[in-house]
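First up is the structure itself, then whatever we jot down about it.
These numbers come from the heavy atoms of this one structure, side chains and all, not from hydrogens, waters or symmetry mates.
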Amino acid sequence: MKRSFRIFTLSLLTILTIVLLTAQTTTTTTGAKKPKTVRISTDYVEQKGDQIYYKGKVFASIEEDKTTIKTTEMYVRKVGDKWQLVEVPVKSDFSFDGGTAVADRMTYNIDQRTGTLTNSTVNMIDTKSKENITIVSESLNFDLEADIYSGTKKSGVNITKGSVSAVAERFEYYKKTGELRLYGSVVINDTKNKIKMTASDAVVFTEKDEIKANNVNIEMTLD
């Protein structure tokens with residue numbers, strides 16, 4: 001009897017979680033609020049007030065955002081009257097429209113489609129060149145609505161796209177326009193054109209890998 005009651009309670013909490021997330025999580029699209037459906041499978045769930053805790057084999061998907069999260073621990077918290085803040089305190093695999101990421105920790109705001117990745121490696125397809133771009137950073141902020149990514153790393157953010165690799169203290173990547181902005185102790189290495197550059201700051205236009213930079217030193221290899 002007790003075993004049956006525990007199974008019933010767990011099932012009820014899971015159903016309640018899905019109902020709450022489906023009913024109350026919304027986003028703004030062309031001036032109107034539209035509901036989002038968050039689907040979560042897990043080994044264990046526990047709800048206390050404005051927080052739901054998931055543990056085990058946790059898999060979450062948001063079809064409208066084209067995002068998924070795979071991890072072993074996750075919290076979903078209310079902000080106001082909406083279940084919208086996702087916090088993952090352990091390693092996770094995160095996929096989004098056009099890219100994937102592996103991070104030690106992450107947060108994601110379902111309503112705003114923004115978040116932060118800690119100690120992450122991100123892979124995505126550059127909109128302009130159609131090449132893969134890889135970004136390794138300590139802290140990376142992302143806005144999936146605007147397709148803007150920015151981040152830092154004390155030893156230098158590492159970015160690779162095709163034959164071009166770059167290291168900088170800080171970066172901003174505007175995926176829609178194909179602009180990669182680099183700041184602080186910038187090193188750019190273009191193996192195709194056999195050019196190595198150091199600069200205080202630089203902009204890489206990703207469609208053709210064209211570069212503008214300040215306070216520059218260039219080393220060229222001539223055959």
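- Looking only at distances, a side-chain donor or acceptor of Ser200 sits under 3.5 Å from a matching main-chain atom of Asn214.
- No more than 12 heavy atoms of other residues, nucleotides or ligands lie within 6.0 Å of CD in Glu63, so this atom counts as exposed by the packing criterion.
- Taking the ring axis of Tyr174 as reference, the NZ or CZ atom of Arg181 stays within 45° of it and closer than 6.0 Å to the ring centre.
- Side-chain contact check for Tyr54 and Asp43: no donor-acceptor pair (N or O, by modelled atom type) lies under 3.5 Å.
- A distance of 6.0 Å separates CD1 in Ile148 from CG in Asp143, rounded to the nearest 0.5 Å.
- Within the 6.0 Å centre-distance limit, the rings of Phe94 and Phe96 are counted as a close aromatic pair.
- In this structure the side chain of Asn123 never reaches within 4.5 angstrom of the side chain of Ile133, judged on heavy atoms.
- The distance from atom CG of Asn141 to atom OG1 of Thr152, rounded to the nearest 0.5 Å, is 8.0 Å.
- Gln51 is listed as a side-chain neighbour of Tyr75, based on a closest heavy-atom distance under 4.5 Å.
- In terms of heavy atoms, Val76 sits closest to Trp83 at O-CZ3, 3.6 Å.
- Distance check: Lys78 NZ to Asp50 CG gives 5.5 Å after rounding to the nearest 0.5 Å.
- Val164 and Val216 end up in the same hydrophobic cluster when Ile, Leu, Val, Met, Phe, Trp and Tyr side chains are linked at under 4.5 Å.
- We find that Glu172 and Arg170 are joined by a salt bridge, their nearest charged nitrogen and carboxylate oxygen being less than 4.0 Å apart.
- Counting heavy atoms from C-beta outward, Leu180 and Val203 have side chains that stay 4.5 Å or more apart.
- Considering only residues two or more places apart in sequence or on other chains, Phe59 meets the ring-ring contact (aromatic ring centres under 6.0 Å, His included) condition with none of them.
- Put simply, the side chain of Thr160 never gets that close to the backbone of Thr134: no donor and acceptor are under 3.5 Å apart.
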Quick one, Asp126 with Thr206, criterion side-chain hydrogen bond (donor to acceptor under 3.5 Å, both in side chains). Give me CA distance, side-chain angles, the key distance, then yes/no. CA-CA 8 Å; Asp126 175 62; Thr206 62; 2.9 Å; yes
Given side-chain contact (heavy atoms from CB on, under 4.5 Å), test Tyr108 with Thr67 step by step and report yes or no. CA-CA 10 Å; Tyr108 182 59; Thr67 60; 4.1 Å; yes
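- Comment: Asp65 engages Arg113 in a salt bridge, judged by a side-chain N to carboxylate O separation of less than 4.0 angstrom.
- Annotation for Leu182 and Val204: closest pair CD1-CG2, 4.4 Å, computed over non-hydrogen atoms.
- Residues Ile211 and Met197 form a side-chain contact, since some pair of their non-hydrogen atoms from C-beta on lies under 4.5 Å apart.
- Side-chain heavy atoms closer than 4.5 Å link hydrophobic residues (I, L, V, M, F, W, Y) into clusters, and following such links, even through other members, never connects Met106 to Leu85.
- Summarising the geometry, atom CG belonging to Asp93 is positioned 6.5 Å from atom NZ belonging to Lys70; distances are rounded to the nearest 0.5 Å.
- Between Val157 and Gly151, the shortest heavy-atom contact is CG2-O, 4.1 Å.
- Ion pairing of Lys192 with Asp209 is absent here, as no side-chain N (NZ or NE/NH1/NH2) approaches a carboxylate O to less than 4.0 Å.
- Residue Tyr149 holds its OH atom at 12.0 Å from OG of Ser120, rounded to the nearest 0.5 Å.
- Taking the charged nitrogens against the carboxylate oxygens, Lys161 and Glu131 do have a contact shorter than 4.0 Å, which makes a salt bridge.
- Among Val58, Val88, Ile40, the one residue that satisfies the side-chain contact (heavy atoms from CB on, under 4.5 Å) test with Ile69 is Val88.
- Side chains of Ser95 and Thr68: a donor on one and an acceptor on the other come within 3.5 Å.
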Walk me through whether Phe171 and Leu140 qualify under side-chain contact (heavy atoms from CB on, under 4.5 Å). CA-CA 9 Å; Phe171 83 96; Leu140 185 145; 3.7 Å; yes
Give the intermediate values and the outcome of side-chain contact (heavy atoms from CB on, under 4.5 Å) for residues Thr116 and Ser139. CA-CA 7 Å; Thr116 301; Ser139 178; 4.1 Å; yes
Test side-chain contact (heavy atoms from CB on, under 4.5 Å) on Phe205 and Lys212; report intermediate values, then the result. CA-CA 8 Å; Phe205 300 93; Lys212 291 183 179 180; 4.0 Å; yes
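- Under a hydrophobic clustering in which Ile, Leu, Val, Met, Phe, Trp and Tyr are joined whenever their side-chain heavy atoms come within less than 4.5 Å, directly or via other members, Ile188 and Ile195 fall into the same cluster.
- With a 4.5 Å cut-off on side-chain heavy atoms, Ile110 and Ile62 count as touching.
- Met74 and Ala60 get closest at one heavy-atom pair: CE-CB, 4.0 Å.
- Of the possible polar contacts, one joining the Thr42 side chain to the Lys55 backbone as a donor-acceptor pair under 3.5 Å is found.
- Between atom CD of residue Glu207 and atom OG of residue Ser129 there is a gap of 8.0 Å, rounded to the nearest 0.5 Å.
- Taking the side chain as every heavy atom from C-beta outward, Tyr173 and Met124 approach each other to under 4.5 Å.
- A salt bridge does not link Lys36 to Glu64: none of the charged nitrogens lies less than 4.0 Å from a carboxylate oxygen.
- With 3.5 Å as the limit, one finds no donor-acceptor pair spanning the side chains of Glu138 and Asn119.
- Taking 4.5 Å as the limit, some side-chain heavy atom of Asn158 sits within range of a side-chain heavy atom of Lys153.
- A salt bridge links Glu87 with Arg77: the distance from a Lys NZ or Arg NE/NH1/NH2 to an Asp or Glu carboxylate oxygen falls below 4.0 Å.
- Linking ILVMFWY residues whenever their side-chain heavy atoms come closer than 4.5 Å, directly or via other members, leaves Ile135 and Ile125 in distinct clusters.
- Under the 4.5 Å side-chain heavy-atom criterion for Ile, Leu, Val, Met, Phe, Trp and Tyr, Leu117 and Val90 are members of the same hydrophobic cluster.
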